[in-house]
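Before any comments, here is the structure.
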Amino acid sequence: MDIGVYEKVYKLGMKEYRNKTLKGEWPYLWVLDAILSHVDVAKEEYLGLVDIPLDQIRGTKTEGRTNAFAANFMPLLPSDSEFAYKWAQLYESHLEEGIHEPIKAYEFLNQFYVLEGNKRVSVLKVCNAVSVPGTVTRIIPKKDDSDENKIYYEFLDFYEKTKVNYINFSQVGSYPALLEKIRVGSEEDFTDEVKERFKSAYAKFSSVFKKKGGEKLSLTVADAFLLYLGLHSYDEMEEKTADELQKEVEQIWNDFVYFPNKPEVKLIMDADPAATKQNIVKKILPITQSAPVKVAFIHSKTVETSSWTYGHDLGANHLEEALDYNVEISSYFGADSQEDEMECFERAIVDGNTIIFSTSAKLVGTSMKYALDYPKLHFLNCSLNTNSRYIRTYYGRLYEAKFLMGALAGVLSPTDRVGYLADYPIYGGIANINAFALGAKMVNPNIKVYLKWAHLNSERQNELLRDVDVSLVSGRDFIRPEADSQRFGLYDPHAEGQDSLAMAVWDWGVYYEKTVASIINGNFKQEDESKNEVLNDWWGMNSGLIDVICSKTLPPDTVRLINLLKKGICSGEFDPFAGMRYTKDGTHYIKVTDRLTSEQIITMDWLAENVIGFIPTMEELTEDAKNIVQVIGVSKVKKED
């Protein structure tokens, strides 16, 4: 029998031992019994025969063979020992017949510890095997608040639905996110066909990721796989070649390098006057623009069916008039499904557009996909709180206008009860509700705001406003041309007419004109790589993007009050949220003494103390609403409390 192979792997074992020792790390196999001496165990569960991934075998169950192997399962006993003889014999047997006898092992936190079969594991690792059959007993720790424990309990749910044990995440929330990406909600969904398809897709990605050097990074293969699926469709993986997959992995490599840290979001609160000015070189040199810049607008709805789309379409028309011969505008409507989204983006690119605005948060994922494929084009998406380095997002500080509307409601209401109709519990949306409530309370400390949601599928839809007589209602911000109801803005629900007392307005033309001008002039930036920052626009009333229009029927002194408040907000001298009190889950109130950060405002998931209502869970929303909230919903609605 040739002992030469053993002598080579013995050297690998000694090298691992020395490296671990020099770093002050444990050089031998980990012992599960020692680990469990510090763990509160909830129960043990026999899993039967399991295919055990070799790279997840961490050590032994007992101390018996601890010192015979280095931490990488390479042998440490000399070549003239009986152990070496048996190891070499097993190695030759594996080359001739293969190792088929299952090992016995325990699983703890999705890592495996061998009770019987350490030499078999060592030989298979030397032969670069992927897995080994084994009868496994799972040891489940009691629940606690540690991230490691939370991740493991998420894994248990994932394993129950898939029986897949080769996926290892490092971040809480990753297992549920993966189930959502592959659309598996129960064991019945994960059929043998689906299982093989998933295994093939993961293996293909893993191979490309490791070949690129992914194992040297701080994230797991599963972490990287989930990041990839956040930008590319899982359904399309089966058709992709290794070269195509490699290109896509290379495009997002920085996301892997910086993991788990995402780029910091730097909010641009107003248009930079310098950005819209022409570059000094272009002023001096007689540069002639050979053709107008082609700008595309992709909408999920049509102007006839959506007031939101109607407003953006008006903005596109303004851009075309303002920049005249410098731009050529194309609009694409009805991107309301995945297929329609891709068709609209494809058409926009084929038509030669170099600046592409997508006006719905539902389109943010597709925007990022095409931004990766066409890095020389400019992609911008109308959404909030997106920290992608591949696109720039834009939105408005609507809460400033809602505060003024609330103050107006507080002045005009003959009672202490007003209503608020909200669309979706999304980023920034809760801030709008609270700002309205605070504005009303500033002029009437006894006023209550009764909250109603427009897109609920449950009986709670009319629960709050059904038996409450409110004097004024803050409704939709504006209407589409052919809407049946003309009620919008702040209105009296008892009035016979349909005139609104005031309304918040979006002037998207202001944003589009200034942004396209900055791109044409070469002053537009999408990110600051030196600081790992991405730039998102979040303009307010001082930019002209948002305003409040009051009815001519309002008393002049009331309008004067609103204008004074507006002036204070625009100058930064007045903060709508300063000194407020808020409630979490209706149990206690906390006073805000300092100025809220932009992030705190954007991600609000609580209601001010004078708001009577609730923030709906995902289960209470209509299907259309779920699609939007899934992308930009506040954290509270992402799961049932």
Side-chain angles (χ1 to χ4, degrees), residues 5-6 8-79 81-91 93-94 98-141 148-149 152 155 159 165-166 168 220:
V5 173
Y6 181 85
K8 290 179 181 179
V9 296
Y10 168 74
K11 291 179 181 178
L12 293 176
M14 292 303 299
K15 181 180 179 180
E16 176 77 358
Y17 174 86
R18 287 191 294 268
N19 288 340
K20 292 285 187 182
T21 302
L22 289 172
K23 293 178 182 178
E25 299 175 0
W26 180 248
Y28 303 110
L29 298 178
W30 287 93
V31 179
L32 181 58
D33 285 346
I35 296 172
L36 293 178
S37 65
H38 305 286
V39 174
D40 289 330
V41 175
K43 63 178 180 179
E44 293 188 6
E45 184 178 290
Y46 182 66
L47 301 182
L49 187 63
V50 172
D51 203 29
I52 304 173
L54 279 168
D55 60 3
Q56 290 173 223
I57 299 180
R58 193 185 186 200
T60 66
K61 173 65 167 62
T62 64
E63 290 186 278
R65 281 294 188 186
T66 306
N67 298 338
F69 298 94
N72 59 357
F73 260 96
M74 296 300 103
L76 291 176
L77 300 181
S79 58
S81 64
E82 181 182 358
F83 175 90
Y85 175 82
K86 291 182 177 179
W87 191 100
Q89 190 177 44
L90 182 62
Y91 176 80
S93 175
H94 173 62
I99 293 176
H100 303 292
E101 183 182 355
I103 67 171
K104 291 184 179 179
Y106 282 78
E107 181 250 280
F108 178 68
L109 299 180
N110 204 24
Q111 299 289 322
F112 295 86
Y113 300 84
V114 181
L115 180 64
E116 294 180 10
N118 289 294
K119 284 194 289 293
R120 275 170 274 171
V121 171
S122 179
V123 167
L124 289 171
K125 280 181 174 284
V126 169
C127 295
N128 295 316
V130 175
S131 62
V132 60
T135 54
V136 176
T137 300
R138 170 175 288 158
I139 298 178
I140 302 175
E148 183 181 45
N149 186 277
Y152 183 64
F155 162 75
Y159 184 83
N165 61 6
Y166 52 81
N168 286 278
T220 68

> How are the rings of W26 and Y28 set to each other: parallel, tilted or perpendicular (split at 30° and 60°)?
Replying inline: perpendicular
Would you check if [X] and [Y] make a side-chain contact, meaning some heavy-atom pair closer than 4.5 Å?
X	Y	value
K15	R18	yes
Y106	L36	no
F112	P53	yes
F73	V126	no

Measure from the side-chain N and O atoms of [X] to the backbone N and O of [Y], and report whether any donor-acceptor pair falls under 3.5 Å.
X	Y	answer
E107	V136	no
T60	V31	no
N165	D51	yes
R120	V132	no

> Can we call the ring centroids of F83 and Y10 under 6.0 Å apart?
Replying inline: no
> Among all residues two or more places apart in sequence or in another chain, which pass the salt bridge (charged side-chain N to carboxylate O under 4.0 Å, His left out) test with K125?
Replying inline: none
>> Which residue is it: L54, I52, I99? I am looking for the one with a side chain to side chain contact (heavy atoms under 4.5 Å, CB included) to V121.
In response: L54
>> For N168 and Q56, which I'm curious about, is there any donor-acceptor pair between the side chains at under 3.5 Å?
In response: yes
